[in-house]
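Note sheet for the following structure.
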Amino acid sequence: MEWEDHEDYLRIFAPKAFSFKENIGYLSRSADECMFSISDEKIYRALALQNETVVVEISSEGDRILFVRFLSGAAQDARAEVARYIWEWFDLDTNLESFYQLTKNDPLLHEPTAKFYGLRNVGLPDLFEALAWGILGQQINLSFAYTLKRRFVEAFGKKVDHYWLFPLPETIARLQVDDLAALKMTQKKAEYLIGVARLIESNELSKEKLLEADFKTAEKMLVNIRGIGPWTANYVLMRCLRYPSAFPIDDVGLQNAFKLTLGYDEKPTKAEIRQYAEHWRGWETYATFYLWRMLY
DNA sequence: AACCAGGGAAGAT
DNA sequence: ATCTTCCATGGT
């Protein structure tokens with residue numbers, strides 16, 4: 001991690017193949033997002049750290065240096081924690097150069113990788129947030145998913161200045177199914193969310209445990225949880241745990257992105273998707289992420 | 001106003 | 001192992 005602490009601000013030096021503009025563009029894709037806001041090419045959000053809560057403003061100097069100001073909070077030890085969070089959020093440990101090398105002649109990926117050069121898998125570092133977003137998003141369109149997330153966050157999260165912190169698992173673990181169903185999600189979703197919150201609260205499930213396992217083992221650990229099938233498991237393996245080979249192959253967005261990018265009239269079959277994906281073995285996460293980006 | 005969306009569970013084959 | 005049905009809401 002490369003960064004400088006200047007007390008009232010931080011500078012974070014992104015690696016090659018990073019474009020602040022592309023990442024801002026990605027983060028601006030939904031007007032209904034409630035976990036951060038973007039205005040004038042700057043990102044604003046609250047972060048819950050070990051010992052305090054801070055509000056940060058993230059802008060850029062050029063396209064490779066992230067410039068972080070603290071709008072509230074930021075004791076000495078918090079600043080390194082913020083730098084680490086942002087480093088992870090933008091997936092700055094990944095070297096994208098070999099991905100670009102691999103895809104520059106790929107019939108499907110050459111277009112998205114050229115168009116969105118420097119885009120990162122801007123993830124969901126918090127495991128409960130990633131799982132909850134996956135569960136909330138099951139079987140509904142994206143706009144309703146954002147509506148549900150907003151209701152969930154505003155009902156059970158915490159507001160810091162103008163910004164929301166995602167609900168904590170210990171809060172959700174204590175709810176009844178009806179408390180969540182009142183937000184107009186299905187009874188099942190309410191059950192799944194409470195179940196996952198309880199597993200995290202009891203530490204039976206944690207990011208650390210999932211990261212100790214290899215990809216296939218972590219996938220099995222997740223799929224064994226009620227409410228988490230292959231789609232949600234791979235979504236979380238991609239966006240939170242950052243296994244490079246995660247691949248939600250049944251995702252309808254992925255099928256639509258194939259259709260759009262290849263100019264097909266019909267969605268591709270699973271076999272076709274597998275065939276294309278052979279070329280990007282080890283980079284399925286980034287391939288999926290760039291293909292999704294084609295859709296909005 | 002009927003019908004569809006779409007991932008997961010549960011039950012059936 | 002693979003299939004069918006159900007969930008329950010918002011969008012069309």
Side-chain angles (χ1 to χ4, degrees), chain A residues 29-34 121 123-124 127-156 167 169 172-173 175-200 204-205 210 215-241 243 245-261 264-274 277 284-285 287-289 291-296:
Chain A
R29 71 202 182 285
S30 172
D32 298 322
E33 176 59 58
C34 60
N121 170 17
L124 299 163
L127 177 66
F128 182 59
E129 183 178 342
L131 283 163
W133 177 231
I135 291 167
L136 286 169
Q138 288 168 4
Q139 90 182 86
I140 53 175
N141 61 62
L142 209 54
S143 85
F144 184 46
Y146 277 111
T147 302
L148 274 186
K149 179 166 90 162
R150 179 180 293 275
R151 286 181 196 154
F152 181 67
V153 167
E154 291 181 356
F156 304 110
I172 305 308
L175 298 179
Q176 301 299 315
V177 170
D178 287 349
D179 300 327
L180 286 178
L183 306 182
K184 304 291 181 193
M185 69 179 77
T186 62
Q187 298 275 320
K188 300 265 183 229
K189 268 185 202 190
E191 292 168 20
Y192 301 162
L193 285 172
I194 292 169
V196 165
R198 288 182 180 163
L199 287 175
I200 293 177
E204 288 169 69
L205 177 65
L210 289 165
F215 170 63
K216 278 292 165 194
T217 308
E219 187 184 29
K220 279 186 196 128
M221 287 164 74
L222 287 168
V223 170
N224 283 336
I225 297 167
R226 193 179 141 87
I228 302 176
W231 180 85
T232 309
N234 277 275
Y235 183 78
V236 170
L237 291 162
M238 265 183 80
R239 307 297 312 287
C240 179
L241 304 164
Y243 284 91
S245 300
F247 195 36
I249 190 164
D250 295 312
D251 182 72
V252 131
L254 187 69
Q255 296 167 17
N256 287 332
F258 263 71
K259 190 179 153 192
L260 176 76
T261 311
Y264 281 15
D265 293 328
E266 310 269 327
K267 287 177 186 172
T269 64
K270 217 161 153 174
E272 278 178 291
I273 295 181
R274 280 210 191 87
E284 290 88 342
T285 280
T288 302
F289 196 73
L291 285 165
W292 278 344
R293 187 72 182 91
M294 292 293 282
L295 297 173
Y296 32 74

Which of these nucleotides, [options], is closest to any side-chain atom of [X]?
X        : options               : result
A:Lys188 : B:dG7, C:dG11, C:dA8  : C:dA8
A:Asn141 : B:dG7, C:dG11, C:dA8  : C:dG11
A:Phe144 : C:dG10, C:dA8, B:dG7  : C:dG10
A:Arg226 : C:dG11, B:dG8, B:dA10 : B:dA10

Taking the side chain as every heavy atom from C-beta outward, state whether [X] and [Y] have any pair of such atoms under 4.5 Å apart.
X        : Y        : value
A:Leu291 : A:Phe258 : yes
A:Phe215 : A:Asn234 : yes
A:Leu205 : A:Leu210 : yes
A:Leu131 : A:Ile200 : yes
A:Gln138 : A:Tyr192 : yes

Mind calculating the distance between [atom1] ([X]) and [atom2] ([N]) to the nearest angstrom?
X        : N      : atom1 : atom2 : value
A:Lys149 : C:dG10 : NZ    : P     : 19 Å
A:Ile140 : B:dG8  : CD1   : P     : 13 Å
A:Asn256 : B:dC4  : CG    : P     : 18 Å
A:Asn224 : B:dA10 : CG    : C1'   : 16 Å
A:Gln187 : B:dA9  : CD    : P     : 16 Å
A:Arg151 : C:dA8  : CZ    : C1'   : 13 Å
A:Gln138 : C:dA8  : CD    : C1'   : 14 Å
A:Leu254 : B:dG7  : CG    : C1'   : 15 Å

Determine the Euclidean distance between corresponding [atom1] atoms of [M] and [N]; express it in Å to zero decimal places.
N     : M      : atom1 : value
B:dA9 : C:dG10 : P     : 23 Å
B:dA1 : C:dA8  : P     : 23 Å
C:dT5 : B:dC4  : P     : 14 Å

Looking at A:Ser143, does any N or O in its side chain come under 4.0 Å of the phosphate oxygens OP1/OP2 on C:dG10?
no

Within the pair A:Thr147 and C:dG10, is there a side-chain N or O less than 4.0 Å away from OP1 or OP2?
no

Please find the pair of heavy atoms, one from A:Val223 and one from A:Ala233, that lie closest to each other, and give the distance.
CG2-CB, 3.7 Å

Of all heavy-atom pairs linking A:Met238 and A:Pro248, the shortest is SD-CD, 3.8 Å

Rounded distance [0.5 Å steps], CD1 in A:Ile228 versus CG in A:Leu199:
8.0 Å

The correct set of residues in residues 178-186 of chain A placing a heavy atom under 4.0 Å from DNA chain B is none

Assert: residue with more 5' nearest nucleotide on DNA chain B, out of A:Lys267 and A:Gly227, is A:Lys267

Using a heavy-atom cut-off of under 4.0 Å over every strand shown, decide if A:Leu142 touches base, sugar-phosphate, or nothing.
nothing

Quick one: label A:Ile228 by what it contacts on the DNA or RNA (base, sugar-phosphate, nothing), any heavy atom closer than 4.0 Å.
sugar-phosphate

